[in-house]
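Before any comments, here is the structure.
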Amino acid sequence: MQRVTVPAQCLALPAEILQPTPVPYPPLSGEHLTYGETVIWADALLDALDSANKDKAAVVTLEKRRTQMGGAHVKG
């Protein structure tokens, strides 16, 4: 029996999880940040962090799937 080596296919990462997470900037109504603006900004920052963490979780899930399929990254 002849042995044949077939390259493993890696799962492609979805483009949406490779995009940078937008950085929310503080909503300045004047020269200084007010308490209310700080609360609004903190909420936007938490949303951005949540988005980045979801993207990381998706990468981990795809990496686990790739490993279970027996695929390996080729180092070049």
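Keep in mind that this is a model prediction, so the values were computed, not measured.
- Here CG of Asp47 is found 11.5 Å from OG1 of Thr21. Values are rounded to the nearest 0.5 Å.
- Separating the CH2 atom in Trp41 from the OG1 atom in Thr34 is a distance of 12.0 Å, to the nearest 0.5 Å.
- Within the structure, salt bridge (Lys or Arg N to Asp or Glu O under 4.0 Å) contacts touching residues 21-45 (residues at least two apart or in different chains) do not occur.
- Criterion: ILVMFWY side-chain heavy atoms under 4.5 Å apart, direct or through other members. Under it, Leu18 and Val59 are part of a common hydrophobic cluster.
- Going from atom CG of Leu46 over to atom OG of Ser51 covers 12.5 Å, rounded to the nearest 0.5 Å.
- Here Asp50 pairs with Lys54 under the salt bridge (charged side-chain N to carboxylate O under 4.0 Å, His left out) rule; sequence neighbours left out.
- Here Leu49 pairs with Asn53 under the side chain to side chain contact (heavy atoms under 4.5 Å, CB included) rule; sequence neighbours left out.
- The minimum heavy-atom distance linking Pro24 with Ala48 is given by the pair CD-CB, 3.9 Å.
- Residues Pro27 and Leu33 approach most closely at O-CD1, 4.0 Å, considering heavy atoms.
- Under the 4.5 Å side-chain contact rule for hydrophobic residues, Tyr25 and Ile40 do not share a cluster.
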